[in-house]
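Hydrogens, waters and symmetry mates play no part in the numbers below; they use all other heavy atoms, side chains included. Proteins get letters first, then strands, A, B, ... in listed order; numbering begins at 1 in each. Owing to the predicted nature of the structure, the values given are computational and were not obtained by experimental measurement.
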Number of protein chains: 2
Amino acid sequence: MDDTAISRPPRRRRKDARPAEIIDAGLREFAEKGFAGARLEDVARRAGIAKGTIYRYFADKEALFLAAARARVVPVFDDADAFVEAFAGSTRELLRLIVTQIYGRLVETDLRVLIRIVLAEGAIFPSLTEHYHREAIVRGRRLLDRIVARGIARGEVRPGPAADLPIVIVAPAIVASIWKMAFDRLDPIATERFLAAHLDLVCEGLLVHGR
Amino acid sequence: MDDTAISRPPRRRRKDARPAEIIDAGLREFAEKGFAGARLEDVARRAGIAKGTIYRYFADKEALFLAAARARVVPVFDDADAFVEAFAGSTRELLRLIVTQIYGRLVETDLRVLIRIVLAEGAIFPSLTEHYHREAIVRGRRLLDRIVARGIARGEVRPGPAADLPIVIVAPAIVASIWKMAFDRLDPIATERFLAAHLDLVCEGLLVHGR
DNA sequence: CCGTTTGATGACCCGCGGGTCATCAAGCGT
DNA sequence: ACGCTTGATGACCCGCGGGTCATCAAACGG
């Protein structure tokens, strides 16, 4: 009784749709298993294709990952840049909205796996690290620098060591992402609680008081 | 010309010293390559033993890692607990000293690899996550809770969402550890700068002002 | 309709590395 | 000195998974 032979759909050429399907399947597997732990056999199954087909579109596993990461990261920063560009309110409100967006688009989504993967596998695959640095870190830091400079110019941000290294401002969100990935199953902490603590710390710690 | 055959030291039994030597070698390999990337062949070479010898002392790779992690983590928390217990000064000073210690004993040492490894491999090896949670996270959080409660009782810490979730207080150090591991080569940020920004943010963000 | 192109398949290759175990020999006890 | 115990060795096993490629067949163009 071979069910596989009966129920298997006939092969179909779907050249235009395939890359995105493979990327999506890849990102899911990378999210669950990490880069090394994700098997291309599983990616292929998820995408409904044969493993060899992956190589028609991506040179190798790393190329698939890079494509998947890029597809996810670029829109996020494009949106954030546009948002900050257009924003006209107080720095407190801007921080609140940006930090909230970080939670909505990083902490609570599978984009957070990039943190895991780069940290975990970056030493073995330096190109992952370089790529992520270029696509996400440089852009993220530039955005934070911009928010801080704007705040200082408006007299709303207190100059000091924290304003000079704004990456510390988003550190709680990074830790929340790590928590969600590694410990939430054992020891749940609601995202809202991280967000509230984060905003509390950063608004009190960075802003000029009373502003 | 086989140099190996001439220069190889005779086998010697060193049962009592071996476990620590293997642990030390293991931790170094795990630090460089991550858990999955570290090869027991390399651990053995580093320890000056044959690979099979590792299995005389540790059931498998995971057992080696757990032993290595434990050997490193437990003393750090023992010291920190004792320090906080004995400390009689202001919360500002206590935070300064504890955060500085975190940088000295985590960010700047190979202990930071535990973050990487748990994050990377925890999904595949749940026992790693559980172990680390029990040994490090629970203790760490308890210590932070204690510092905050002490500070609130002395009127030095501002109650609020950040005080309710003190893990955000050490988030910059976690991010600094990640930075050191993943990005420092591409984009160096001096530890002192992280430390200054961290203390600036946390002292301003958490402490009652003027205290 | 038919020949050609090319997207899709899955059996297979092969290097990698965790783990095994027969053999060796250090060291102890008598 | 010798037999026994047990720590150490390294050749080997074998499963895993990334990548290959001969074969198939969908789809296009004449």
TODO: Look at all strands and tell whether A:A38 reaches a base, only sugar-phosphate, or nothing, counting heavy atoms closer than 4.0 Å.
DONE: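 If one applies the 4.0 Å heavy-atom cut-off, A:A38 turns out to touch the sugar-phosphate alone, with no base involved.
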How long is the straight-line distance from [atom2] of [Y] back to [atom1] of [X], given to the nearest 0.5 Å?
{"X": "B:D200", "Y": "A:L206", "atom1": "CG", "atom2": "CG", "result": "8.0 Å"}
{"X": "A:T91", "Y": "A:I98", "atom1": "OG1", "atom2": "CD1", "result": "11.5 Å"}
{"X": "B:L27", "Y": "B:I22", "atom1": "CG", "atom2": "CD1", "result": "13.5 Å"}

Rounded to whole angstroms, how far apart are [atom1] on [X] and [atom2] on [N]?
{"X": "B:F30", "N": "C:dG17", "atom1": "CZ", "atom2": "P", "result": "14 Å"}
{"X": "B:Y55", "N": "C:dA22", "atom1": "OH", "atom2": "C1'", "result": "17 Å"}
{"X": "A:D42", "N": "D:dG18", "atom1": "CG", "atom2": "C1'", "result": "13 Å"}
{"X": "B:F58", "N": "C:dG18", "atom1": "CZ", "atom2": "C1'", "result": "16 Å"}
{"X": "A:E41", "N": "D:dG19", "atom1": "CD", "atom2": "P", "result": "13 Å"}
{"X": "A:E21", "N": "C:dG7", "atom1": "CD", "atom2": "P", "result": "15 Å"}
{"X": "B:K33", "N": "C:dC16", "atom1": "NZ", "atom2": "P", "result": "14 Å"}
{"X": "B:I22", "N": "D:dG7", "atom1": "CD1", "atom2": "P", "result": "12 Å"}

- [ ] Go through the steps to decide whether A:F30 and A:L64 satisfy the test side-chain contact (heavy atoms from CB on, under 4.5 Å), and finish with yes or no.
- [x] CA-CA 10 Å; A:F30 294 133; A:L64 172 58; 4.2 Å; yes
Is there a side-chain polar atom (N or O) of [X] under 4.0 Å from OP1 or OP2 of [N]?
{"X": "B:R56", "N": "D:dA8", "answer": "no"}
{"X": "A:R12", "N": "D:dA25", "answer": "no"}
{"X": "B:R14", "N": "C:dG27", "answer": "no"}

Task: D:dG19 base / A:K61 side chain donor-acceptor hit below 3.5 Å - done: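 Side chain to base: no pair below 3.5 Å.
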Open item on the list: What I want to check is whether an N or O donor and acceptor connect the side chain of A:K51 with the base of D:dG19 at under 3.5 Å.
Closed with: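 Donor-acceptor pair under 3.5 Å: yes.
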Proximal nucleotide (of [options]) relative to the [X] side chain:
{"X": "B:Y57", "options": "C:dT9, D:dG7, D:dG18", "answer": "D:dG7"}
{"X": "A:A50", "options": "C:dG18, C:dT9, D:dA8", "answer": "C:dT9"}
{"X": "A:K15", "options": "C:dG7, D:dG19, C:dG18", "answer": "C:dG7"}

Open item on the list: Can you work out whether A:R11 or B:G48 has the more 5'-proximal nearest nucleotide on DNA chain D?
Closed with: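 With A:R11 and B:G48 compared, the 5'-side residue is B:G48.
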TODO: By nearest nucleotide on DNA chain C, pick out whichever of B:R39 and A:T53 is the more 5' one.
DONE: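 Upstream on the strand: A:T53.
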Open item on the list: In terms of relative ring orientation, are B:Y132 and A:F183 parallel, tilted or perpendicular, with 30° and 60° separating the classes?
Closed with: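 Ring orientation, 0 to 90° scale: parallel.
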